[in-house]
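Inspection log for the structure reproduced underneath, given as structure tokens.
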Amino acid sequence: ILLTLALAFLLGMFIFTIYRKTFSGVMYSKNFGVSLVMLSMVTSFIILPITSNLTLSLGMVGALSIVRFRTAVKDPMDLVFLFWAIAEGILCGASLLPLALLGCPILGIFLLVFANHQQKDNPYLIIVRLMDGELEQKIEGYIRSEVKKMQLKSKTVTGEAGTEVIYEIRPKDNDSAFVNRISGMQGVESAVMVSYDGNYAA
């Protein structure tokens, strides 16, 4: 039992480390990372008696069926990590140690590679406030020449001449220096660039 829990703890810490390195959401939650470790250990602890007693396993399945998780999972990737922790706990509790030890690093490497690839092509939002709406075409042309891809997401006209435009862009090599040049242009009130992945991230 102690060896199983110790292995579940180590694999849970590995999952927690991968989660911390690949996290790209709005707010990092340390409690969620700790819950991944505990979920792996608790699952393995539950599986241990199930594998040795048929009557207890049936009762445990019935007990688990009435448990309802109320915590909302906002990021689909969080759900992937939850299932990963549960799967490792099941493998440890069922004494399928070779599969647990082999599968964990393979999944971890895949997630690291996938996360790094995603970060290289992250979309951004650039919000430009113009004091003169006639500058919109000039600003749009300049931004288009500085980025790989651009798409108008929103346009708001306030007052007599004030205009706010929001573009979704993909910068070249994550270069953001052009935002400084835009904000220094005459007639531009402000220019803001934020990371965007379904939520405002920074």
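All residue numbers refer to positions in the sequence shown, counting from 1. Atom set for the values below is all heavy atoms of this structure, side chains included, hydrogens, waters and symmetry mates excluded. Keep in mind it's a predicted model, so treat the numbers as computed, not measured.
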- Within 6.0 angstrom of Tyr142 OH, more than 12 heavy atoms from elsewhere: yes
- Taking C-beta and beyond as the side chain, do Leu112 and Lys21 meet within less than 4.5 Å on heavy atoms? yes
- Message: Quick one, Leu107 with Trp84, criterion side chain to side chain contact (heavy atoms under 4.5 Å, CB included). Give me CA distance, side-chain angles, the key distance, then yes/no.
- Response: CA-CA 9 Å; Leu107 291 175; Trp84 186 13; 3.4 Å; yes
- Query: What about Ile90 and Leu7, same hydrophobic cluster or not, with Ile/Leu/Val/Met/Phe/Trp/Tyr joined at side-chain heavy-atom distances under 4.5 Å?
  - Reply: no
- Message: Would you say that Glu140 contacts Met150 through its side chain, given a criterion of any heavy-atom pair below 4.5 Å between the two side chains?
- Response: yes
- Task: Please round to the nearest 0.5 Å and tell me the distance separating atom CD1 of Ile182 and atom CE of Met185.
- Result: 6.0 Å
- Message: Would you compute the distance between atom CG of Leu96 and atom CD1 of Ile47 and round it to the nearest 0.5 angstrom?
- Response: 10.5 Å
- Query: What's the shortest heavy-atom distance between Phe16 and Leu36, and which atoms?
  - Reply: CA-CD1, 4.5 Å
- Spatial distance of atom CD (Glu136) from atom CG (Leu130) [nearest 0.5 Å]: 7.0 Å
- Transitive ILVMFWY side-chain link Val147 to Ile139, under 4.5 Å: yes
- Closest heavy-atom pair and its distance - Lys153, Leu125: CG-CD2, 4.2 Å
- Task: Kindly say whether Ser40 contributes a backbone atom to a donor-acceptor pair with the side chain of Thr43 at under 3.5 angstrom?
- Result: no
- Message: If you compare all heavy atoms of Cys104 against all heavy atoms of Ile15, which two are closest, and at what distance to 0.1 Å?
- Response: SG-CG1, 4.3 Å
- Message: Could you walk me through whether Ile127 and Tyr167 satisfy the side chain to side chain contact (heavy atoms under 4.5 Å, CB included) test, starting with their C-alpha distance in whole Å, then the side-chain angles of each, then the deciding distance to 0.1 Å, before giving a yes or no?
- Response: CA-CA 7 Å; Ile127 305 166; Tyr167 300 102; over 6 Å; no
- Task: Please check if Leu10 and Leu102 belong to a single hydrophobic cluster, counting links between Ile, Leu, Val, Met, Phe, Trp and Tyr side chain heavy atoms closer than 4.5 Å.
- Result: no
- Item | Cluster check Phe32, Met77: I/L/V/M/F/W/Y, side chain < 4.5 angstrom | yes
- Task: Verify side chain to side chain contact (heavy atoms under 4.5 Å, CB included) between Leu82 and Leu39, making sure each step is shown before the conclusion.
- Result: CA-CA 8 Å; Leu82 287 173; Leu39 190 60; 3.8 Å; yes
- Could you tell me which non-hydrogen atom of Thr22 sits nearest to which non-hydrogen atom of Leu111, and how far apart they are? CG2-O, 3.8 Å
- Query: Which atom pair, heavy atoms only, marks the closest approach of Cys92 to Leu11?
  - Reply: SG-CD1, 3.6 Å
- When rounded to the nearest 0.5 angstrom, what distance separates CZ in Phe9 from CE in Met38? 9.5 Å
- Query: Please walk me through it: do Met131 and Val188 pass side chain to side chain contact (heavy atoms under 4.5 Å, CB included)?
  - Reply: CA-CA 6 Å; Met131 292 180 285; Val188 176; over 6 Å; no
- Message: Any salt bridge linking Glu168 with Lys149? Criterion: basic side-chain nitrogen under 4.0 Å from a carboxylate oxygen.
- Response: no
- Query: Going hydrophobic residue to hydrophobic residue with side-chain gaps under 4.5 angstrom, can you get from Phe81 over to Phe14?
  - Reply: yes
- Item | Sidechain-backbone polar pair: Ser44 side chain, Met41 backbone, donor-acceptor under 3.5 Å | yes
- Query: Which value, rounded to the nearest 0.5 Å, describes the distance between Ser95 atom OG and Leu48 atom CG?
  - Reply: 7.0 Å
- Rounded to the nearest 0.5 Å, what separation is found between the CD1 atom of Ile126 and the CD1 atom of Ile143? 4.5 Å
- Task: Measure the shortest side-chain to side-chain distance between Leu99 and Leu97 over non-hydrogen atoms and say whether it is less than 4.5 angstrom.
- Result: no
